[in-house]
Amino acid sequence: MAELTYREAVAWGIAQEMRRDPNLVMLGEDIAAAGGVFKTTVGLLDEFGPERVRDTPISEQAIVGAAMGAAMTGIPVIAEIMFSDFLAVCWDMIANEIAKSRYMTDGQVSFPLVIRTANGGGVRFGAQHSQSVENWAMMIPGLKVVAPSTPIDVIGLMAASIRDPDPVVFFEHKSLMATKAEIPDGEIIDQLGQARIVRDGSDVTIAALALMVPRALEAAAALEADGISAEVIDLRSLVPLDTNTLLESVQKTGRFFTVEENPRLCGWGAELASIVSEESFWALDGPVIRITTPHIPLPAAAALEDMALPSVDRIYETIVKSFDAR
Amino acid sequence: MAELTYREAVAWGIAQEMRRDPNLVMLGEDIAAAGGVFKTTVGLLDEFGPERVRDTPISEQAIVGAAMGAAMTGIPVIAEIMFSDFLAVCWDMIANEIAKSRYMTDGQVSFPLVIRTANGGGVRFGAQHSQSVENWAMMIPGLKVVAPSTPIDVIGLMAASIRDPDPVVFFEHKSLMATKAEIPDGEIIDQLGQARIVRDGSDVTIAALALMVPRALEAAAALEADGISAEVIDLRSLVPLDTNTLLESVQKTGRFFTVEENPRLCGWGAELASIVSEESFWALDGPVIRITTPHIPLPAAAALEDMALPSVDRIYETIVKSFDAR
Amino acid sequence: MPTDGRYDYALREPRLPRPVDTTLAGAAIDLDTRLGMYQRLHELRQFEKRAYDLFLQNLVKGTSHLSLGMEAIATGFGAAMRPDDYTFATYRGHAHALARGMDMGQAMAELLGRENGVLGGKGGSMHLTDVSKGMMGSYAIIGAHLCVANGAAWSAQMRKSGQVAVAFFGDGTTNIGAFHEALNLAAIWKLPVVFVCENNLYMEYTPIDVVTAVGNPAAGRASAYGLEPVLVDGNDPDAVFLAARTALARARAGDGPSLIEAVTYRSGGHSRADPGKYRPEREVSAWAGRDPIPMYHQRLLGLGTPEARLSAIERQVADAVDTATEFAKAGREPGEGSLHTEVYADGGSKWRN
Amino acid sequence: MPTDGRYDYALREPRLPRPVDTTLAGAAIDLDTRLGMYQRLHELRQFEKRAYDLFLQNLVKGTSHLSLGMEAIATGFGAAMRPDDYTFATYRGHAHALARGMDMGQAMAELLGRENGVLGGKGGSMHLTDVSKGMMGSYAIIGAHLCVANGAAWSAQMRKSGQVAVAFFGDGTTNIGAFHEALNLAAIWKLPVVFVCENNLYMEYTPIDVVTAVGNPAAGRASAYGLEPVLVDGNDPDAVFLAARTALARARAGDGPSLIEAVTYRSGGHSRADPGKYRPEREVSAWAGRDPIPMYHQRLLGLGTPEARLSAIERQVADAVDTATEFAKAGREPGEGSLHTEVYADGGSKWRN
Ligand SMILES: Cc1ncc(C[n+]2csc(CCOP(=O)(O)OP(=O)(O)O)c2C)c(N)n1
Ligand SMILES: Cc1ncc(C[n+]2csc(CCOP(=O)(O)OP(=O)(O)O)c2C)c(N)n1
Ligand SMILES: [Mg+2]
Ligand SMILES: [Mg+2]
């Protein structure tokens, strides 16, 4: 057993896989000698050497392109894009090249690669360094999309993402970096596409991701005091999406809420809402409700940012109010 | 009166506005001397000269960046990105810079600019030249998103987009280029944020955009023969979104369908489905159903592409089946 | 209507070709290699011409970008590359695919969108790929594949396989950001990659010099990456072959990337719909006089090859193109079955349970 | 644990500063300009130090990137620019904002996330903007603003206003695609824009030479855009001022862009959390000996300015920074009211009816 932070779990998970697979390499800006700007890759250079852990120029297209070319010629790669906002700088490479090439070539190429990136708000970095962009990746056919909420999931889902033969965009949440957990000994491997019911409940279903998971749990605790029993589901991966777990839960509770950090329009919550509204319509006892960041860029000031992201209070109040409605 | 194709309407609308505003300029690849690869800018160089209609290098970031810098210093600009797939190449500029800078500066700068781009499938160009990416733009706070389905709307919405003080992404549909309509004399100006009911109906509401509008209309005609009265709404702009028209229609019909060309996950249909499920829940007589391109890259072969995009038959059958269900 | 070169590029000064370098006849290239290149030139030419015919018959849908007039570059490189080297091409990639040995029938069938196409109809003309031949793909959005070629080269470097990645791209591509990022990374990591700019003087319809800060869009930028400028006659297979051999050897020796600018001209339009009217007539005709095929024919005759041998090659190629066309036409339209396959490595497109 | 420079950059050869060019004392720069620059240097220095103190007091949240040690560049340009010229800066933009005349109190309040900040707290340290002063924004994603500066320059060119756009950026920024696209477009359109690379030898924690194909990341690329390489001592306000004057005049004359590489060093870490341990100690101390402020102090003394005059300036700046700090601290936290404003030009964020 070791106690690890979420941040340390990243390096832990990568190290586990680099020990297993001598071909696995990684590249990114300031990831080697400096151990990453979020200190998520500390120690990897020392253990695996500069041929396998490489610092790059500020050239996101070249980074992701190199990952693509190496992966398609048999070398599995982990590429770091420092902040998820910067996915925009290499979006062609990700959305148009990596995601589509397997299909376009009728299966001639595979992309065993992981694009790791620091996602989300709460650290007062402002509009260009705080976005939650899981929905950007989710909307592109061909990508898999993972976003862990705990140190153990970081390790297990990292291992699963690395071993997955398809391209995975792996979102590490900036505001969870310092959270801690006990990590069991031995290899940790998880599976993509399995949501986890992190709290059982019978009255409402709340689907959340990453930083929103602890907030949803806190809100659920508060709801309990009001006699509302909330089931909280940590989605963990958006693609593949564990719709079975979601739909079963809604079948039981009849009420569905999503808690999203991305801005409102076309977020992943909309997708889930649409799935539930179509497939569980007759089981619903009330409208499907999304709790999201409003459709605005994120402000930098602490006071403003705290108002923008879905808070425990907002989750709690939205759900309580929904029972009063109609 | 003049009969114009959708393609000609683009140049017509731009010319109308360039005559009105001597400051308005445009730039893009092969737009000037060649009149654009889709021939949507034919004649503009001759009328307005090489200082106002400029050919550029293949440098999408430089193109959109130049538009941004000019717009924020008082020159309204139309930038062409040849295919909407290439928005990915300059996505940082659009999603992180143009969309956010007004908010970040607390309103110090405005961006009177239009990014025009050829969108959508049906012309057998394959996965990298056929995407429908309206949802990419819709999910970014700060952008407006327009997609006309007729030549008249091309002109009127182009004029409205150009006069709008905010950045607008204007999607011209490749498969509609050759469609024709009579254009009334005189200035044509429309308004953003107004959907149009293109067919009245009482049993189901179908929301569609661009190429999907004529298909939805054809399906509606077929449904009529089955005794199903379909109301068809041409959304015209996704941001601003005319939710009033949508929700009123659903209030009347009790059934809501979207017909989207973008791949399934996090499409604009999901957003609409979520709005309707939340706000019209008690008016719904059946599940909200989305008809979309499957979540795959678009194939090149005619036979495959025709199977991928929502067809009249698929729209018709999905709606008919929904009445059998439960 | 104003009539200067800013309104109509056809009114500009023509950019004329340099004369053939006749000393190349004496280059140390063995006859078999040269005859192989002669055959290749014809394959590329006749394949593209047939593709154009099939387009006129409305059998090729969508778009296609032919290499007519530009065949010497793919040919020279194809002859110099090792079978396990990697090719990364653009939407104008038929020639490069065939030059690596892609089956003509499968290539043609792909243009026709048939099930027996090399991509089962999914990719089409702009994405020809045959990994079994080292043809790692044709990329239709400008710039990206230079970065991808780096990755393949990096992989070869790590695997110590001695393979080289070669990326072909146009003059217009030198102005996009990815070009810059790719060249810099290749240089600092000394990657075994060769960047080949096929400078045909135009992007789509805009002359390259109108939009480029230096006269030679690739060679004029080499020093920005610590590289030597290399300019070659892109209409001379021997010149290209020699430059390719040097660059490939350099890459294999661990000495890093090269950036080669091969100057050429496309005899037709940019893509199937383009009549190419933005080019001065005198320019088009001057370059027509520098067509690589008659030039190379002359060179081989001059080196003593009998005309009969050359015409036998031409006939053989014509037969092969006919056979390929029959194969392609006989293919079936792909069915619904394949629509949903190969999005993910499990062969399907399932994103949910 | 291996201990070479590939594992720990602090073990590499230090990159040492060049000696001061003493002939610059004789440059034709009038004393008022020089005293103004002296004051500016102190403003930037003391502002940044105060910002650091406030961070240690946990009053500045998020991140901030200081220009400590690099003040001469913003200072020299600030003195040379016309009031209506445009500045485009990076996340490391406090100095550039102040050098254009942004109010210190409003700037400080923005760092504190207060309502009286220049951006009402919405933008924060990385996005300082004051359009009324020609400070057109601070951009936090590498590369983009070079393209945006082009647009402002293009606008000035069209309006024949004589304005020039100046874009400041780091050495690391020369390796991103947008740099290449921006330089090429500026050159072919002869835009009135000046690109200023503040080469402080490091990107975040990685030495620039480890990741760049040429020794001078900007000057070594000038020829790729048909430009002359310009290298200046970025720690000498006079050197920067002269280079700025030349480049601005060239731009205003319609002769197009310039690319200036100003070599400097940051005395602290990359951002507030960084102790800067990846740099050789000898390098850090050598550059500390080349601090622009004592150097310029010496130069002014040498030119006959009385010490009293200089220390009066220093005290005056200290007072101004204190006043600014009080102003900032007195500001209120922004309220919910402003959260939803200014997404769109109507002042709000409504995306639906
Ligand atoms: C990023 C991007 N921008 C624009 C295009 C459209 N486009 C396709 S080919 C082409 C011209 C390319 O010119 P060049 O690189 O010289 O190659 P050539 O076609 O002459 O072989 C353009 C602009 C594209 N495919 N990708
Ligand atoms: C596209 C992009 N990639 C990475 C980053 C993260 N980042 C912020 S500053 C920085 C280093 C920039 O180095 P340089 O250009 O030399 O400027 P300096 O900070 O030294 O002034 C990096 C990599 C970013 N902001 N944008
Ligand atoms: Mg070309
Ligand atoms: Mg730097």
Side-chain angles (χ1 to χ4, degrees), chain A residues 85-97 99-104 126-128 131 133 135-136 138-142 238-239 241 258 262-282 284 286-290 294-300 326, chain B residues 85-97 99-104 126-128 131 133 135-136 138-142 238-239 241 258 262-282 284 286-290 294-300 326:
Chain A
D85 313 70
F86 311 162
L87 294 177
V89 176
C90 49
W91 194 237
D92 173 55
M93 211 62 76
I94 297 172
N96 290 334
E97 312 297 341
K100 294 178 173 43
S101 290
R102 182 179 177 82
Y103 188 78
M104 293 195 301
Q128 295 188 333
Q131 290 172 86
V133 303
N135 56 330
W136 296 18
M138 188 180 191
M139 72 182 176
I140 306 295
L238 294 173
V239 180
L241 183 68
T258 58
N262 50 230
R264 187 164 190 88
L265 297 187
C266 298
W268 57 256
E271 185 58 45
L272 267 59
S274 130
I275 291 170
V276 167
S277 312
E278 177 166 347
E279 301 179 32
S280 299
F281 181 76
W282 304 107
L284 286 171
V288 167
I289 294 176
R290 291 167 59 203
H295 205 60
I296 58 171
L298 276 182
R326 184 150 207 211
Chain B
D85 314 69
F86 312 162
L87 294 176
V89 176
C90 50
W91 195 237
D92 173 55
M93 210 63 76
I94 298 172
N96 290 334
E97 312 296 341
K100 294 178 172 43
S101 289
R102 182 178 178 83
Y103 187 78
M104 292 194 301
Q128 295 189 331
Q131 290 172 87
V133 303
N135 57 329
W136 295 18
M138 188 180 191
M139 71 182 176
I140 305 296
L238 293 173
V239 181
L241 184 67
T258 59
N262 50 230
R264 188 165 189 88
L265 298 186
C266 298
W268 57 257
E271 184 58 46
L272 267 59
S274 129
I275 292 170
V276 167
S277 312
E278 177 166 347
E279 302 179 32
S280 299
F281 181 75
W282 305 107
L284 286 172
V288 167
I289 294 176
R290 291 167 59 204
H295 205 58
I296 58 171
L298 275 181
R326 178 140 218 219

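Note that the structure is predicted; figures quoted are calculated from it, not measured. Lettering of chains follows the sequences in order, A, B, ..., and the numbering in each one begins at 1.
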*Asks:* May I ask you to name which of A/Ser101, A/Pro141, A/Ala88 has the most heavy-atom pairs under 4.5 Å with chain B?
*Replies:*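 Ranked by heavy-atom pairs under 4.5 Å with chain B, first place is A/Pro141.
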*Asks:* Under a 3.5 Å threshold, yes or no: a donor from one side chain and an acceptor from the other, between B/Asn96 and A/Gln131?
*Replies:*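 Per modelled atom types, B/Asn96 and A/Gln131 side chains form a pair under 3.5 Å.
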*Asks:* When rounded to the nearest 0.5 angstrom, what distance separates CZ in B/Arg290 from CH2 in B/Trp268?
*Replies:*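 Nearest 0.5 Å value for the CZ-CH2 distance: 9.0 Å.
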*Asks:* Looking at CG of B/Asp92 and CD of A/Gln128, how far apart are the two atoms once the value is rounded to the nearest 0.5 Å?
*Replies:*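 Atom-to-atom, B/Asp92:CG and A/Gln128:CD are 7.0 Å apart.
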*Asks:* Kindly compute the distance separating CG (B/Asn135) from CG (B/Leu265), expressed to the nearest 0.5 Å.
*Replies:*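 Here the rounded value is 10.0 Å.
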*Asks:* Output yes when a side-chain donor or acceptor of B/Arg102 lies under 3.5 Å from a complementary backbone atom of B/Gly142, and no otherwise.
*Replies:*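 Absent.
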*Asks:* Let me know if B/Ile140 has heavy atoms under 4.5 Å from chain A in its side chain, its backbone, both or neither.
*Replies:*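 It is both, since atoms from each part get that close.
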*Asks:* Which residue out of A/Glu279, A/Met93, A/Glu97 racks up the most heavy-atom pairs below 4.5 Å with chain B?
*Replies:*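 Of the candidates given, the most pairs with chain B belong to A/Glu97.
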*Asks:* Tell me, out of B/Pro294, B/Gly286, B/Gly126, B/Cys90, who's got the most heavy-atom pairs with chain A below 4.5 Å.
*Replies:*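 Max contact count across the listed options: B/Gly286.
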*Asks:* Run the side chain to side chain contact (heavy atoms under 4.5 Å, CB included) check on A/Trp136 and A/Asn262 step by step: do they pass?
*Replies:* CA-CA 10 Å; A/Trp136 296 18; A/Asn262 50 230; over 6 Å; no
*Asks:* Hey, which of A/Met138, A/Lys100, A/Met104 has the most heavy atom pairs under 4.5 Å with chain B?
*Replies:*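 That would be A/Lys100.
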*Asks:* Heavy-atom distance under 4.5 Å to chain A: side chain of B/Leu284, backbone, both or neither?
*Replies:*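 Interface part for B/Leu284: both.
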*Asks:* Quick one: are B/Ser277 and A/Phe281 in side-chain contact, heavy atoms under 4.5 Å?
*Replies:*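 A side-chain contact is absent here, since even the closest heavy-atom pair is not under 4.5 Å.
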*Asks:* Using a cut-off of under 4.5 Å on heavy-atom pairs, state which of B/Ala300, B/Cys266, B/Gly269, B/Ser274 scores highest against chain A.
*Replies:*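 Option with the greatest count: B/Cys266.
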*Asks:* Which atoms of B/Val239 are under 4.5 Å from chain A, going by heavy atoms: the side chain, the backbone, both sets, or neither?
*Replies:*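 For B/Val239, the contact with chain A is made by the side chain alone.
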*Asks:* Shorter than 4.5 Å, heavy atoms on both sides: which option in A/Ala273, A/Ala127, A/Ala99 has the most such pairs with chain B?
*Replies:*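 Option with the top pair count is A/Ala127.
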*Asks:* Quick check for you: among B/Leu272, B/Val89, B/Ile289, which has the greatest number of heavy-atom pairs under 4.5 Å with chain A?
*Replies:*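 Among the listed options, the one with the most contacts to chain A is B/Ile289.
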